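Report on the following structure.
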Amino acid sequence: MRPGTAPVLVQAMDVLAGDIAGQLADGTPQPPLVKAVRDELAGARPRAARPAQARPARCRRPRAQPRAAPARAAAPARRGAQRQGPKLAMSGERTEVWTLGQPFEQQAALIEAGAWGANLHDAARARLEDELRHAQGRIGPLAEGLNQAAWAGLPALSGALLRELQQAMAREPRFEAMGPALAVLHTLLRHGQLLGMADAPVLRVAIEAGFDRALWLLEPPAAIAPSDIDAHLQGHLALRRIVADVLADREDAAQAEPLDVEPARALAVWQRKAADAGAAPLSRGAALGATLSLAHRVPQATQAGVADAMQLLHAMPAPVLGDALTGLLALARETLSSEPAFAAGMDRTVQALDNADFVRAMPSLRAAFAWLPPQERGRLADQVLTLHDATHLSRRALTARHEGEAAPEALAAARAAEDAAIARLAGWGLSLDTEEQP
């Protein structure tokens, strides 16, 4: 019963249902799905099941349970459900644990789900198509539905649905919603061979439409909320990965037909974003980082270099200097961290900050350098020590945390307060010079 059902109907259904539980009599007409599900589950064993992607030759049997979930034909969660296992189809986790059972409620659920199809494959596919239609172009639910399709081994959807998805994707209102979803879909497209999803038409349609919409959403200048920083960077990373793969496929004649996207358009959008003074510093840095990371694949005339990165950082006010650096390192850390010119440029930029600006820049700078793994951070520390003729010191002198030592930002704030006090004393004609007068 749904909430709000008329009381008279509730009472009537209660009388008709009675208070005695039992089973349908033999020969009672039932949808074909009931027998189809029982036949599929008959061979399944209630034990820890190795996932389909670990055993491609036997990938059909474990799909009975994943297909029952989208069809809404599984038993209630307390008796028949996935107890352990990954949420994403391309997760690295290799163990699934399912609890199998046949509670009384399962028969009613199977009869209701029979409206979607005569067998588990058709029912799951029809139900998933209906959910994808009701996603109304929001890429988050679309990606979740296609992830379920991958679990259930349902790469083929109707042509009408593909056209509807292509049109619906154009209505997604937020760039930050695109990032995680495009990353999941593109991973399935490129590496979903064992799940039967590699190069699936529905994935191609969703990614091509999402790529186009993401570029439209990225173009206008917009502020980025702190809670959206990670999703915004994921959006840039997903676009960069798609562009890199398309360019690689075009160079390799043996590869299948590449996605129907325009890498040149993405590069042009990134270049305009990086040059837009009204855009968020994080987005400007990420856009320039994307072009830097693709420099070896694009024409020489459109390549960006370390000098462009330093020019962008020099134009940033101190409080958001680290935001722009975060975008750069998130998209191009492999390129920048190994460049001596980048270390020298960052050293000059930090040295040029006065005490007050250094205090304001410190939190965002620390967050930016957190994108570097320990090994790359160590190599950058070696370059800084070389710049200051301190190669006799270990890199740990810059990277290690010393017990009892104040945080760098606290030391910088104390130094700024000390300088302010000295300047005020000097204005009163007082000096702290302790050298003995002759």
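The structure displayed is predicted, hence computed values, not measured ones.
R333 is linked by a salt bridge (charged side-chain N to carboxylate O under 4.0 Å, His left out) to E376, counting only residues two or more places apart in sequence or in another chain. Under the rule for a salt bridge (charged side-chain N to carboxylate O under 4.0 Å, His left out), R377 has no partner lying at least two apart in sequence or in another chain. Residues satisfying the salt bridge (charged side-chain N to carboxylate O under 4.0 Å, His left out) test with R265, not counting sequence neighbours, are D212. Contacts of D276 classified as salt bridge (charged side-chain N to carboxylate O under 4.0 Å, His left out), with partners at least two apart in sequence or in another chain: none. Among residues two or more places apart in sequence or in another chain, the side chain to side chain contact (heavy atoms under 4.5 Å, CB included) test is passed with A426 by none. Listed by chain and residue number, E219 satisfy the side-chain hydrogen bond (donor to acceptor under 3.5 Å, both in side chains) test with R272 (two or more places apart in sequence, or in another chain). Looking at residues two or more places apart in sequence or on another chain, you find a side chain to side chain contact (heavy atoms under 4.5 Å, CB included) between A266 and F211, L215, V243, W270. For D260, the side-chain hydrogen bond (donor to acceptor under 3.5 Å, both in side chains) criterion is met by no residue, not counting sequence neighbours. Considering only residues two or more places apart in sequence or on other chains, R240 meets the side-chain hydrogen bond (donor to acceptor under 3.5 Å, both in side chains) condition with S293.
Contact between G278 and P221 at its shortest, heavy atoms only, is O-CB, 3.6 Å. The minimum heavy-atom distance between L387 and A344, with the atom names listed, is CD1-CA, 3.6 Å. Contact between A177 and P180 at its shortest, heavy atoms only, is O-CD, 4.1 Å. What you find for S337 and L372 is that their closest heavy atoms are CB-CD2, 4.1 Å.
In this structure, D382 CG and R379 CZ are separated by 9.5 Å, a value rounded to the nearest 0.5 Å. One finds the CG atom of L292 at 6.5 Å from the OG1 atom of T335 (value rounded to the nearest 0.5 Å). Atom CE of M362 and atom OG of S364 lie 9.5 Å apart (nearest 0.5 Å). The line from CZ of R284 to CG of L282 is 12.0 Å long, rounded to the nearest 0.5 Å. The distance from atom CD of Q383 to atom CZ of R395, rounded to the nearest 0.5 Å, is 10.0 Å. The line from CD1 of I224 to CZ of F175 is 8.5 Å long, rounded to the nearest 0.5 Å.
A donor-acceptor pair is defined here as one N or O able to donate and one able to accept, closer than 3.5 Å; no such pair exists between the side chain of K273 and the backbone of A268. With hydrogens and angles ignored, the 3.5 Å screen pairs no side-chain donor or acceptor of D357 with any backbone N or O of D354.
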Requested in this report: Determine, stepwise, if the pair M346 / L380 fulfils side-chain contact (heavy atoms from CB on, under 4.5 Å).
Outcome: CA-CA 11 Å; M346 279 304 305; L380 186 62; over 6 Å; no
Please tabulate, for side-chain N and O atoms in residues 310-332, each donor-acceptor pair with protein atoms closer than 3.5 Å (sequence neighbours left out).
unit_1, atom_1, unit_2, atom_2, d
H314, ND1, M310, O, 3.3
H314, NE2, T349, OG1, 2.9
T326, OG1, G322, O, 2.8

Validation: residues 225-235 side-chain donor-acceptor distances under 3.5 Å, sequence neighbours left out:
unit_1, atom_1, unit_2, atom_2, d
D228, OD1, R174, NH2, 3.2
D228, OD2, R174, NH2, 3.0
D230, OD2, Q234, NE2, 2.7
H232, ND1, E176, OE2, 2.9
H232, NE2, H236, NE2, 3.2
H232, NE2, S283, OG, 3.1

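Residue pairs that meet the salt bridge (Lys or Arg N to Asp or Glu O under 4.0 Å) test with at least one member in residues 337-352, sequence neighbours left out, do not exist here.
With a 4.5 Å cut-off on side-chain heavy atoms, D249 and R190 count as touching.
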